[in-house]
Amino acid sequence: PGGAEAARHGLDAESLQRDVLDNLVSLQARYPAIATPHDWYMALSYSVRDRLLLRWVDTVQRYAAADVRVACYLSAEFLIGPQLGNNLLNLGIEAQARAAMLALGQDLDTVIALEEEPGLGNGGLGRLAACYLDSLATLQMPALGYGIRYEFGIFRQAIRDGWQVEETDKWLQKGNPWEIVRPDVAYYVNFGGHTQSATDAEGRFRVRWTAANQVKGVACDTPVPGYRVETCNTLRLWKSEAVESFDLADFNVGDYYGAVQEKVISETLSKVLYPNDEPEMGKRLRLAQQYFFVSCSLQDMLRLLELKGEPIERFADMFVAQLNDTHPSIAVAELMRLLLDERGLQWEQAWDITRRTLAYTNHTLLPEALETWGLPLFRSLLPRPLEIIYEINRRFLDEVRQRHPGDESRVARMSLIDESGDRRIRMAHLATVGSHAVNGVAALHSSLLRETVLRDFAELWPERFHNVTNGVTPRRFLALCNPGLARLLDETVGEGWIADLTRLRGLEAHADDAAFQRRWRAIKHANKEVLAQHIQSATGVVVDPRALFDIQVKRIHEYKRQHLNALYMVALYQRLRREPQLALAPRCFVFGGKAAPGYAMAKLIIRLINGIAEVVNNDPAMEGRLKVIFFPNFNVKSAHHIYPAADLSEQISTAGKEASGTGNMKFMMNGALTIGTLDGANVEIREEAGAENFFLFGLRAQDVERLQREGYRPADHVAAHDELREALDLIASGHFSRGESEVFRPLVENLMQWDHFLALADYADYAACQARVDAAWQDPAGWTRMSILNTARSGKFSSDRAIREYGDRIWSLAPIG
Ligand SMILES: CCc1ccc([C@H](C)CC(=O)N[C@@H]2O[C@H](CO)[C@@H](O)[C@H](O)[C@H]2O)cc1
């Protein structure tokens, strides 16, 4: 593009500098002398966005012209993280932006740090969706992310007197330069009401759904640039609006609230993210949110098909839709409704298109996280989709009866409707029956899925079940968050590693090189100093970057066993008090993670960690030996400082419970060693790194299953282990709760009586493993070697590898360069 066009999209520092100044005036109506840091952030962001837009429109044109299948990733959560830094990296203009801002008297890092993070997700599932969008664009695969544009994302976590306090997330308060609102891309979504069946003019059986109310969904698009490629895909998030935002009639009769009531109700749909991660709440608004974004997304895909001039019969050739867990699984019934009721297709043809289009990813085996909806609620909100689900179930159970005549218990087990208690719809069954492929997110998880939760379906359709082990983007979680290491990697294995992580294997040759080791340790140390500063400003506690940084960051949940880590800390504290001369390596324990607001035990675990921190960090005997930190408000932004600074990555979930984990992969890439169980992707991390470069402990999944089935007596383990008993006693005594002995009673009693996640059963092995960690740490050359080898062998855990596997095995979709 020539002239102004070139200037506006020039990637050089001068053009950037000019455009930032332009935008400061034309968009922020400010001039440098009075510009606020936020003004500079917005001005730079709009300048970077302009450079994305060119690629964006070019990509859309290429897709419109090409006869290619588009991958649609349907997810209720997209934890995309702060955008500016990542967009500068993927455009390859970080240095130019730094020079441009410097010339304007601004520091780029300060400006980048101002960005409010779009917290449109809870944890693993939401972040995985964001990593996958980055890889789809980088691999130049035609893709669209579809989700909800929550006005309020995941709550802000503050810690008061050791307790988690939830604060409203106001990410949109200062505006969002990265989204383009498209009022012209809007759809209507029905709720409630009733259905009538009739025969249409051609004598075909048709059903009319007369809704009680309708909501409008408006598209808000965010660009998703690939790394150093022309492709820029789209994340399309739906915002709910009232069909009629103001009812003049009501207003005129003075019913002012009535006049805006519909507006208020409709807008609540995309108002707030449900902060639950695993426990399923079954709230009406949650189901309405799920149906809302799924209906808008499928209507949008049908419109895009028309725009391409393709017939409805080719829908499944032009689109594949991945269901990110069961949250969007109503898509099975909604696509059928759109094809039957609005396109007049026959059932068989509609069903064939639906199944060939949809694929389902399961992210958890925890029974309490498998979504089911009560029939009364479902019928009152979604009468037509329910009718379709009944018909899907009738035909499906016919098929089951044909394959297993007389096996009515199997029929009952497999039915989409759980007839035992109050009749509920099993969303995992609906997703499985309505999809051509089902996958788990790590090898162990996928096999457990086939053997337990979806066993009957895997027997019926073995060819539909796959595994695609999770991955994470090396752009954000290595190149962007760990520039020191990135530079050493560029020097050592060439820059190609960012787009092809298997190239890190080239590091192996340097694993024992003393000079290289020194540089490796220096980079880690520098990252630890940066984290130490963030810890001090967030908690006021000073930590020593020479200590072993032992980090556990993830959502707080009993199956993730933050309390097992806490028990070990207490034992260590007691040991150091008893034997001050103990030759134990100084250790800094860092925790981070949010608890679902309604999850009392998780909140108590946060209180315990903070209670231990308060005592340990103020005990002179622990100075230089032990520090405990609970880092508040763990999110993508703080993760940027945490993963590069870790020496030890805690992946200690009860075997068989963590579907995959993705933090474990981010730690590995950044040279942390893992202490973990054979659970989720830990199994594959240990395979890749080598058993000698992984600290393994704990019961295996089959042991856990047997113990939980045959009965488990936690008290036996307490009786057999003095250190464990003393630790539990000290916690129960009130030592970590300012003398109030009642505070942790629920936690200690639960452990002594139930300990459902077998923390006490694994304690002895965990403590022994931690002793091996301590010994290994005391040999810097040995430790550094293991650290280098973990990074070198982390290539498999790039989300690029995972997306290629989805493309080959499930989507039959290839990159279009
Ligand atoms: C209905 C409430 C609810 C909300 C979220 C979820 C998600 C499935 C929970 C989740 O984030 N699961 C995590 O997904 C990651 C990505 O695959 C895995 O790495 C984690 O192991 C898994 O816990 C379940 C139930």
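Atoms within each ligand, like the ligands themselves, are counted from 1 in listed order. Computed from a predicted model, the values in this text were never measured in an experiment. Index from 1, following the sequence.
- The ligand atoms of ligand 1 that sit less than 4.0 angstrom from a heavy atom of Gly661 are 18 (C), 19 (O), 20 (C), 21 (O).
- Taking every heavy atom of Ala659 and a limit of under 4.0 angstrom, the matching atoms of ligand 1 come to 21 (O).
- For the pair His327 and ligand 1, a heavy-atom separation below 4.0 Å is found.
- In this structure, Thr791 and Met668 have side chains that are not in contact, with every pair of non-hydrogen atoms separated by 4.5 Å or more.
- Using modelled atom types and a 3.5 Å distance limit, the side chains of Arg804 and Ser135 yield no donor-acceptor pair.
- Checked for salt-bridge contact, Arg475 and Asp800 meet the test: a charged N lies under 4.0 Å from a carboxylate O.
- Of all atoms in ligand 1, numbered sequentially from 1 with element shown, those under 4.0 Å from a heavy atom of Glu658 are 20 (C), 21 (O), 22 (C), 23 (O).
- At least one heavy atom of Arg286 sits closer than 4.0 Å to an atom of ligand 1.
- At most 12 heavy atoms of other shown residues, nucleotides or ligands fall within 6.0 angstrom of atom CZ in Arg156.
- Taking a cut-off of under 4.0 Å to the non-hydrogen atoms of Asn470, the atoms of ligand 1 that pass are 16 (C), 17 (O), 18 (C), 19 (O).
- Side-chain atoms of Gln552 and Asn565 form a donor-acceptor pair, as typed in the model, at a separation below 3.5 Å.
- Residue His363 places at least one N or O, backbone or side chain, under 3.5 Å from an N or O of ligand 1.
- Under a 4.0 Å criterion applied to the non-hydrogen atoms of Tyr559, ligand 1 contributes the atoms 23 (O).
- At under 3.5 Å, not a single nitrogen or oxygen of Gly123, backbone or side chain, sits near a nitrogen or oxygen of ligand 1.
- Ion pairing between Arg700 and Asp679 fails under the 4.0 Å rule for side-chain N and carboxylate O.
- A salt bridge does not link Lys239 with Glu151: every distance from a Lys NZ or Arg NE/NH1/NH2 to an Asp or Glu carboxylate oxygen is 4.0 Å or more.
- Within the structure, the closest approach of Asp325 to ligand 1 falls below 4.0 Å when heavy atoms are considered.
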